[in-house]
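Nothing fancy with the numbering, it's 1 onward along the sequence. Since we're looking at a predicted model, the values are computed, not measured.
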Amino acid sequence: MRPVSMVGRSAELDELVQAWSQRCSSGVGGPITAVITGDAGTGKSMLVAAALRAFTPRPRTVLSGAARMHTPAPYDWLAAVLSGCETGQLPVPADALAWLAQHPDAPRERFAPGALLRLAVRVVRTLVASGPVALVVEDLHGLDPASLNLIGELAAAAGLPALLLVTSRPPDTAVSPELAARTLARLSGTPGAIRQHLGALTVADIGAILAQVYPAQLLPPEVGPAVWQRTGGNPYLVMELLAAVAGSGPAALIGEPLPSRRTAAAPADAAELTAREIEVLACLASGMSNKQVARTLGISIRTVTVHVSNLLRKTGSGSRTEAALWAVRHQLTGSGQPATASPGAHSKSVPSMP
C-alpha cells in the first residue's frame, strides 16, 4: 500500500507547493515567506516535511535550523545551519564565523550587533547562491533575539532566491514574546507572504485517518467521535494513540489510556515510556543523530531533543550510548520502524499525520 496522504492539511500543503513553484519560475525578486503557526502538536513540522517532499523540482539545498531547547544563544538558527555545511570558503572573517557558528573556541572579543547581523546575512546569501533553495526555521518561538532579527532581515532581503518556511507556536509562549510577535508580524507583512494557522482536526478528519489506518474494516460509528473527543483533535495525540494500539482493532482506541498516561509494553523492570519515546529510543539504538531521528519520525529536531532528554531521565542513562544499550537490554530496538515513516509497510500502519 502506498503511503497515505495528509489529512486535514491538504489546502495548506497545496498552497506551499504552489509558492515553491512560483519561486522557482521567477528568476528575479526576493524570497517568498510562509508563516505556519499553531499550538504544540498541530503538525507544523510535519506539514513542512510533507511540503519539502512534494516540491517540484526538488530544492537544490534545504537550509534548516532551530533553537536549542533550554539554553537559547545568539544565532542559534544559523549555527544549526552551519553545523551541516562546509564553512571554509565563506566570505566572512574567521573570528566572526566562529561567533556565528557558536564555536567553543570563539574569541572573547565581541562584534557590534549590527556588524554581526550584516555578516550573518552575507553568510546565508553565500549558502543560497543562485538558488532557489528552501530556508526552514523550526520553532521560531524558541529562538533568541539575534536569530529573530536575522530571520526578519532574510525575509526582506532583495534578490534572495528562497522560500522561507517558518513554524511557530503563539508568541505568548516564546522566549521573547514581544520580539517574536513583532517578527511574525514583520514576516507576514512581506510581499507575497503566506499566513497559515493550524488548528485541531475535525471529526471528519479523524474518520478519514481511521479509514486509512483500518482500510479493510468497518469502523464502529462511535470510534471517530470518541478519538476526537479524547484527543481534542490534536494531531500529535491522535498519532500517539494510534501508535499505542498498533496491532489491535479500532475498538481499542476507545479504551486505551492516552499516551501521556500510558505504560509502554516492556519488561517489568523497564521505565514507563510512551509509544513515541520507544520509537525515538530505537532510532538512537540504530545510531541516528537527532536530525536523522527527526526526518525518520516526521517531527522537529526540537521535539526530538525533548524526547531524548526524557529518555535519559526515565532510563537513568548518562548518555545516548547508555540509553541505546538500555534499549538493547530491554529488547526495544525492534520498535524503531515508526508508524509515520513507512506507512505502507503494514495494513494497519499509522498515516503521515499533519
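With rounding to the nearest 0.5 Å, the separation of CG in L253 from CD in E222 is 11.0 Å. For the atom pair CZ of R118 and CZ of F111, the computed distance is 12.0 Å after rounding to the nearest 0.5 Å. Taking CD1 of I194 as the reference point, atom CD1 of I36 lies at 8.5 Å (rounded to 0.5 Å). Rounded to the nearest 0.5 Å, atoms CG (L281) and CG (L312) are 9.5 Å apart. Separating the CG atom in L97 from the CG atom in L119 is a distance of 9.5 Å, to the nearest 0.5 Å. For the atom pair CG (L163) and CG (L165), the distance works out to 4.0 Å, reported to the nearest 0.5 Å.
Under a hydrophobic-cluster definition in which Ile, Leu, Val, Met, Phe, Trp and Tyr are linked whenever side-chain heavy atoms come within less than 4.5 Å, directly or via other members, M288 and V308 are assigned to the same cluster. Placement of V121 and L187 within a single hydrophobic cluster is found when ILVMFWY residues are connected by side-chain heavy-atom separations under 4.5 Å, directly or transitively. Taken together through direct or relayed side-chain contacts under 4.5 Å among Ile, Leu, Val, Met, Phe, Trp and Tyr, V227 and V7 form part of one hydrophobic cluster. Under a hydrophobic-cluster definition in which Ile, Leu, Val, Met, Phe, Trp and Tyr are linked whenever side-chain heavy atoms come within less than 4.5 Å, directly or via other members, V35 and I32 are assigned to different clusters. Note on L201: it clusters hydrophobically with V213, by side-chain heavy-atom contacts below 4.5 Å among ILVMFWY residues.
Not a single donor-acceptor pair under 3.5 Å links the side chain of T173 to the backbone N or O of R169. Distance alone, capped at 3.5 Å, places no donor-acceptor pair between the S45 side chain and the I299 backbone. Under the 3.5 Å distance criterion, the side-chain polar atoms of D76 are matched with a main-chain donor or acceptor of A73. Remark: side-chain polar atoms of S309 are not paired, donor with acceptor, to backbone N or O of T305 under 3.5 angstrom. In this structure a side-chain-to-backbone donor-acceptor pair under 3.5 Å is missing from S147 to L143. Using modelled atom types, one side-chain atom of Q196 and one backbone atom of E12 make a donor-acceptor pair closer than 3.5 Å. Side-chain atoms of R23 come within 3.5 Å of backbone atoms of S26 as a donor-acceptor pair (strictly under, hydrogens ignored). A side-chain donor-acceptor contact under 3.5 Å links K44 to the backbone of G38. The main-chain N or O of A185 is never found under 3.5 Å from a side-chain atom of S188 such that the two would form a donor-acceptor pair. Here the side chain of N234 pairs a donor or acceptor atom with the backbone of Y236 at under 3.5 angstrom.
The side-chain heavy atoms of D139 and S168, taken from C-beta on, include no pair separated by under 4.5 Å. At a threshold of 4.5 Å between non-hydrogen side-chain atoms, the residues P91 and R122 count as touching. M46 is not listed as a side-chain neighbour of R9, based on a closest heavy-atom distance of 4.5 Å or more. The side-chain heavy atoms of L127 and V81, taken from C-beta on, include a pair separated by under 4.5 Å. Within the 4.5 Å cutoff, no side-chain heavy atoms of L198 are placed close to those of T37. A heavy-atom distance below 4.5 Å is found between the side chains of W20 and P59. Between S21 and F55 the shortest side-chain heavy-atom distance does not fall below 4.5 Å.
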Run the side chain to side chain contact (heavy atoms under 4.5 Å, CB included) test on L78 and L82 for me, step by step, so that the C-alpha distance in whole Å, both residues' side-chain angles and the decisive distance to 0.1 Å come before the verdict. CA-CA 6 Å; L78 185 54; L82 291 174; 4.0 Å; yes
Go through the steps to decide whether V166 and T183 satisfy the test side chain to side chain contact (heavy atoms under 4.5 Å, CB included), and finish with yes or no. CA-CA 11 Å; V166 180; T183 303; over 6 Å; no
Applying side chain to side chain contact (heavy atoms under 4.5 Å, CB included), run through V124 and L154 and close with a yes or a no. CA-CA 8 Å; V124 176; L154 294 176; 3.8 Å; yes
Is there a side chain to side chain contact (heavy atoms under 4.5 Å, CB included) between Y214 and I209? Walk through the geometry before answering. CA-CA 9 Å; Y214 303 99; I209 293 168; over 6 Å; no
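Taking the salt bridge (Lys or Arg N to Asp or Glu O under 4.0 Å) definition, one finds that E277 meets it with K314, sequence neighbours left out. Among residues two or more places apart in sequence or in another chain, the side chain to side chain donor-acceptor pair (under 3.5 Å) test is passed with T61 by none.
Closest approach of M6 to L13, counting heavy atoms only: CG-CD2, 4.0 Å. Nearest approach of D39 to P170, heavy atoms of both residues: OD1-CG, 3.4 Å. Taking all atoms of both residues into account, the shortest heavy-atom contact from P250 to Q217 is CD-OE1, 3.1 Å. In this structure, C85 and L63 approach most closely via the heavy-atom pair SG-CD2, 4.2 Å. Closest approach of A54 to V17, counting heavy atoms only: CB-CG2, 3.8 Å. Closest non-hydrogen pair, L150 versus A120, comes out as CD1-CB, 3.9 Å.
The neighbour count for E178 CD, taken as heavy atoms of other residues, nucleotides or ligands under 6.0 Å away, does not exceed 12.
Looking at R276 and E279, a side-chain N of the basic residue comes within less than 4.0 Å of a carboxylate O on the acidic one, giving a salt bridge. Looking at R195 and E15, no side-chain N of the basic residue comes within less than 4.0 Å of a carboxylate O on the acidic one, giving no salt bridge.
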Can you give the donor-acceptor pairs under 3.5 Å from side chains of residues 128-137 to other protein atoms, not counting sequence neighbours?
none

